[in-house]
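First comes the structure, then the notes that go with it.
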Amino acid sequence: MPDNRIIYEGIIERYRKFLPVSEKTPIITLYEGNTPLLRAKNLESVVGGNINLYLKFEGANPTGSFKDRGMTMAISKAVEEKSRAVICASTGNTAASAAAYSAKAGLKCAVIIPDGSIALGKLSQAMMHGAKVIALKGNFDDALRIVLEITEKYPITLVNSLNPYRIEGQKTAAFEIIDFLGRVPDYHFIPVGNAGNITAYWKGYKEYCGFSNANCEFKNPKSEIRNPKLPKMMGFQAAGAAPIVKGKPIKNPKTIATAIKIGNPASWKKAEEARDESGGIISTVTDTEILKAYKLLASLEGIFVEPASAASVAGLIKYSSKVHKFSGSEVIVCTLTGHGLKDPDRAIKSAVKPKIIKQDMKKILKEIGL
Ligand code: AN7
């Protein structure tokens, strides 16, 4: 009899050697990570050149975004450190993830969200998981400032990406890409909001390839890696919320991609380091470009993402049409950060509405085009 038992493991168990955990760390997991890295042949022809395009679909995580990788670490460490409560400011996905992992761990969870600026799916998740949801009159940057003030003065654990365990967990996405491809990509395109994720991927690529800091025991763990050169990190902000590109905080950030509607990113400096060390760029994409990529992903690749997630693909399309013609057989990865069901309003606004028809087969067939 073949042994067909399915083994589930989260990112902590899978990459324990690379993470700051010990036998004493209780592992709070929803089996996050191990997300699909999909070859995107149909989009390759839109981008042009002879590229090999892969999409890292982080919407396949348990709460529907990449935040789960960092949250399993942050919540596990909070429990290990005997914390009783956690708090975050959030454009929605961090809140949904913190609420879910806190529910699993039995921790009290408070989330501060910008009133009116978070997608319905995310809000419903935070509410259903029993978090204390506070809608702040203000934007994300105001919420983060207040949360930092609270965590300085009161015994409550910060689970925003300023919590270093979040970055540690999120770096595992880069590990998975190397494990799947057997090499590092040439380019990595990624949306940038608070800039935690670009920071995490860059750390992950460096550590896994043995270009690591002194703490990493693993030197060249993958001798079969054919291309140890590290990828260029290509970050994209929404044009109306692009503080890193503009070189100054944006007071009133504006974009339909509410997840990345952030005017003063927490990991600003680290994102610039990732850009500069890798020889990459941080640039902008307009809402129109984001929505175009959002629709292409759904219609050409069968992948439904939320608008912010499409910033990576929008960035790739823009870069390849305006800046750099890919000519060789470059390996390119785009991270798709969150699931399309997070923001049903935007989807319904972006597509053709269903037609209402009486119970008449002929009319129905005509409408289908048969
Ligand atoms: C789908 O949930 O900041 O550059 O509070 O939800 O690491 O901030 C979300 C960010 C991209 C940007 N795509 O990542 C939050 C929050 C999606 C996101 C980003 C976010 P970072």
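When a ligand or atom number is given, it counts from 1 through the structure's own listing order. When reading the values below, keep in mind they use all heavy atoms of this one structure, side chains included, and skip hydrogens, waters and symmetry mates. Counting begins at 1 with the first residue of the sequence.
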Are [X] and [Y] close enough for a salt bridge, meaning some N to O gap below 4.0 Å?
X: Asp360; Y: Lys362; value: no
X: Lys77; Y: Glu168; value: no
X: Lys232; Y: Glu330; value: no

Check contact between [X] and ligand 1, using heavy atoms of the residue and a distance below 4.0 angstrom.
X: Lys342; value: no
X: Thr199; value: no
X: Ser65; value: no
X: Ser161; value: no

Mark up the atoms of ligand 1 that fall under 4.0 Å of a heavy atom belonging to [X], in ascending order.
X: Gly196; answer: 4 (O), 7 (O), 21 (P)
X: Thr94; answer: 2 (O), 5 (O), 15 (C), 16 (C)
X: Val192; answer: 4 (O)

Can you list everything that forms a salt bridge (charged side-chain N to carboxylate O under 4.0 Å, His left out) with Lys67? Sequence neighbours excluded, please.
none

Which donor-acceptor pairs under 3.5 Å do the side chains of residues 275-283 make with protein atoms, sequence neighbours left out?
{"residue": "Glu277", "atom": "OE1", "partner": "Trp202", "partner atom": "NE1", "Å": "2.8"}
{"residue": "Glu277", "atom": "OE1", "partner": "Lys206", "partner atom": "NZ", "Å": "2.8"}
{"residue": "Ser278", "atom": "OG", "partner": "Met233", "partner atom": "N", "Å": "2.9"}
{"residue": "Ser278", "atom": "OG", "partner": "Ala274", "partner atom": "O", "Å": "2.8"}
{"residue": "Ser278", "atom": "OG", "partner": "Arg275", "partner atom": "O", "Å": "3.3"}
{"residue": "Ser278", "atom": "OG", "partner": "Gly280", "partner atom": "N", "Å": "3.3"}

Under 3.5 Å between some N or O of ligand 1 and some N or O of [X]?
X: Lys122; result: no
X: Asn194; result: yes
X: Phe66; result: no
X: Thr91; result: yes
X: Gly338; result: no
X: Thr337; result: yes

Ring geometry between [Y] and [X] (parallel below 30°, tilted from 30 to 60°, perpendicular above 60°):
X: Tyr201; Y: His188; value: tilted
X: Tyr294; Y: Phe304; value: tilted
X: Tyr208; Y: Phe175; value: parallel

Please work out which of Gly193, Ser312, Pro265 has its closest non-hydrogen atom nearest to atom 12 (C) of ligand 1.
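Looking at heavy atoms only, Gly193 sits closest to atom 12 (C) of ligand 1.
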
Any side-chain donor-acceptor pair under 3.5 Å between Asn197 and Glu58?
no

Short version for Ile262: what comes under 4.0 Å of ligand 1, heavy atoms counted, is side chain

Do Tyr101 and Cys109 touch side chain to side chain, with heavy atoms closer than 4.5 Å?
no

